[in-house]
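Read the structure below first, then the notes.
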Amino acid sequence: MTEQRIALVTGGNRGIGFEICRQLAKLGIRVILGSRDSSKGAVAAREIAGERLPVEMRELDVADEESIRECMRWIRREIGRLDILVNNAGIMVEEGEANPEHEVQIIRDTMQTNVYGPLFLSRLATPIMKSRRYGRIVNLSSGMGSLSEMGAGYIAYRMSKAALNVVTRVLAAETEGMGILINSVDPGWVKTGMGGRTASRSVEKGAETPVWLATLPDTGPTGGFFRDRKPIAW
Ligand SMILES: NC(=O)c1ccc[n+]([C@@H]2O[C@H](COP(=O)([O-])OP(=O)(O)OC[C@H]3O[C@@H](n4cnc5c(N)ncnc54)[C@H](OP(=O)(O)O)[C@@H]3O)[C@@H](O)[C@H]2O)c1
């Protein structure tokens with residue numbers, strides 16, 4: 001029998017992250033559903049567990065380094081391995097025209113959640129992955145962070161996703177040949193709290209390519225940016 005893989009998904013309590021948890025668990029992967037609010041996380045995990053799927057909730061605020069440390073300490077101590085990390089948690093707090101008085105603070109806050117958290121988590125996860133020569137890291141990026149598609153507005157969000165793509169490229173280069181595959185994904189425009197009700201895609205569709213990247217075979221790509229399982233321009 002093959003060993004059960006372990007996945008950590010950040011922001012798993014709702015939206016695309018919740019659906020990624022469900023789809024990974026359906027593949028028989030033991031999913032740790034990270035949620036910054038443990039009561040919301042518990043409700044979400046219960047819903048997935050109700051389908052007789054392997055999921056458990058851990059409190060994890062990716063904007064808080066101590067919370068990240070504590071979650072990774074728990075994984076090392078209680079499980080001793082981590083095969084898959086999905087950096088899904090993200091914020092987009094800007095709306096309307098930029099306000100110069102608040103802009104830089106909004107950028108700092110957005111970078112903390114969308115870039116520094118995923119970077120720190122990945123830094124703590126890769127040594128565990130290296131020790132078993134197996135790892136998949138999926139960074140939920142966005143077409144809004146693509147330099148070749150860059151448009152007006154949402155400067156904090158766009159900067160954060162472009163920077164997250166840098167994290168993907170640098171860590172992929174640093175882990176080449178170690179059995180670790182690290183990729184960015186644009187899930188498309190998805191009906192969630194962030195995407196809104198008029199978005200064109202279901203969460204099921206939005207989770208599809210992240211789950212594909214989380215379960216790539218050893219011969220799969222690393223250091224890429226994907227939408228609908230196809231490479232897209234940075
Ligand atoms: N929806 C789209 O159209 C779209 C398009 C491109 C990319 N994306 C990306 O896909 C990812 C998921 O988006 P979504 O649409 O599912 O967003 P969402 O519905 O707004 O959900 C965001 C999730 O992130 C969590 N989160 C936010 N800050 C956190 C923190 N500091 N620590 C832990 N969790 C935190 C939220 O937790 P709470 O419930 O506690 O707030 C929630 O679970 C994001 O990275 C987003 O940028 C989305």
Side-chain angles (χ1 to χ4, degrees), residues 1-12 16-17 19-35 41 45 48-49 53-62 65-89 115-141 164-185 207-226 229:
M1 207 180 113
T2 52
E3 284 175 300
Q4 188 179 33
R5 298 240 180 259
I6 309 289
L8 171 63
V9 181
T10 67
I16 300 169
E19 183 57 26
I20 291 171
C21 289
R22 196 215 303 264
Q23 289 187 19
L24 289 175
K26 276 191 176 161
L27 295 172
I29 294 164
R30 178 174 166 193
V31 175
I32 300 153
L33 181 157
S35 175
I48 297 175
L53 296 172
V55 65
E56 62 210 277
M57 194 279 300
R58 284 305 294 176
E59 193 173 306
L60 174 58
D61 180 346
V62 302
E65 284 183 14
E66 193 42 42
S67 174
I68 291 174
R69 267 190 213 100
E70 176 50 34
C71 181
M72 293 305 292
R73 269 197 295 264
W74 178 84
I75 287 173
R76 273 181 178 280
R77 192 178 62 236
E78 300 297 326
I79 308 178
R81 63 186 283 183
L82 182 65
D83 303 297
I84 299 164
L85 168 64
V86 182
N87 284 311
N88 164 79
V115 186
Y116 308 148
L119 171 62
F120 188 44
L121 255 177
S122 303
R123 287 286 189 210
L124 297 186
T126 46
I128 308 176
M129 293 172 170
K130 273 182 204 164
S131 68
R132 306 181 66 91
R133 297 196 65 81
Y134 183 94
R136 304 289 180 261
I137 298 180
V138 184
N139 290 326
L140 269 282
S141 182
L164 184 62
N165 286 345
V166 173
V167 171
T168 295
R169 289 295 293 264
V170 171
L171 298 196
E174 290 178 2
T175 54
E176 205 158 348
M178 296 175 183
I180 301 172
L181 305 176
I182 304 177
N183 291 289
S184 280
V185 57
E208 205 179 278
T209 299
V211 167
W212 171 69
L213 290 170
T215 55
L216 285 173
D218 293 342
T219 51
T222 190
F225 189 15
F226 294 88
R229 301 189 181 204

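Partners of T209 by side chain to side chain donor-acceptor pair (under 3.5 Å), not counting sequence neighbours: none found. Here A25 pairs with V31, I48, L53, P54 under the side-chain contact (heavy atoms from CB on, under 4.5 Å) rule; sequence neighbours left out. For S184, the side chain to side chain donor-acceptor pair (under 3.5 Å) test picks out N165, T168, with sequence neighbours left out. The side-chain contact (heavy atoms from CB on, under 4.5 Å) check on A89 picks up T10, V62, with sequence neighbours excluded. Residues passing the side chain to side chain donor-acceptor pair (under 3.5 Å) test with R69 are E66, sequence neighbours excluded. Considering only residues two or more places apart in sequence or on other chains, F225 meets the ring-ring contact (aromatic ring centres under 6.0 Å, His included) condition with W234. With sequence neighbours left out, E208 forms a salt bridge (Lys or Arg N to Asp or Glu O under 4.0 Å) with K205. For R30, the salt bridge (Lys or Arg N to Asp or Glu O under 4.0 Å) test picks out E56, with sequence neighbours left out. Residues passing the side chain to side chain donor-acceptor pair (under 3.5 Å) test with R81 are E3, D83, sequence neighbours excluded. Partners of S67 under the side-chain contact (heavy atoms from CB on, under 4.5 Å) rule, at least two apart in sequence or in another chain, are L60, D61, D64.
Between the CG atom of L82 and the CD1 atom of I128 there is a distance of 5.5 Å, given to the nearest 0.5 Å. Going from atom CD1 of I75 over to atom CD of E70 covers 10.5 Å, rounded to the nearest 0.5 Å. L181 CG to Y134 OH: the interatomic distance, rounded to the nearest 0.5 Å, is 7.5 Å. A distance of 9.5 Å separates CG of L119 from CG of L124, quoted to the nearest 0.5 Å. One distance of note links CD of Q4 with CG of L27; it measures 11.5 Å at 0.5 Å rounding. Taking CG of L8 as the start and CH2 of W74 as the end, the distance is 9.0 Å to the nearest 0.5 Å.
R133 contributes a side-chain N or O that, together with a main-chain N or O of G177, makes up a donor-acceptor pair within less than 3.5 Å. Under the 3.5 Å distance criterion, the side-chain polar atoms of N88 are left unmatched by any main-chain donor or acceptor of L140. Under the 3.5 Å distance criterion, the side-chain polar atoms of T222 are matched with a main-chain donor or acceptor of I182.
Side-chain contact between R76 and M72: absent, with no pair of heavy atoms (C-beta onward) separated by less than 4.5 Å. For the pair N87/S122, a side-chain contact is recorded, criterion being any heavy-atom separation below 4.5 Å from C-beta on. Annotation: side chain of I79 is in contact with side chain of I32 (closest heavy-atom distance under 4.5 Å).
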- Message: Determine whether T126 and I137 satisfy the following criterion, side-chain contact (heavy atoms from CB on, under 4.5 Å), listing intermediate values before the conclusion.
- Response: CA-CA 9 Å; T126 46; I137 298 180; 3.8 Å; yes
- Message: Working note: V138 + I20, criterion side-chain contact (heavy atoms from CB on, under 4.5 Å); need CA distance, chi angles, decisive distance, verdict.
- Response: CA-CA 11 Å; V138 184; I20 291 171; over 6 Å; no
Determine all donor-acceptor pairs shorter than 3.5 Å in which one atom belongs to a side chain in residues 212-219; sequence neighbours excluded.
unit_1: T215; atom_1: OG1; unit_2: V211; atom_2: O; d: 2.8
unit_1: T215; atom_1: OG1; unit_2: W212; atom_2: O; d: 3.4
unit_1: D218; atom_1: OD1; unit_2: R136; atom_2: NH2; d: 2.8

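The list of salt bridge (charged side-chain N to carboxylate O under 4.0 Å, His left out) pairs with a residue in residues 164-185, not counting sequence neighbours, reads R123-E174.
Listed here is the closest heavy atom pair of V55 and A45: CG1-O, 3.4 Å. Of all heavy-atom pairs between A7 and L24, the closest is CB-CD1, 4.0 Å.
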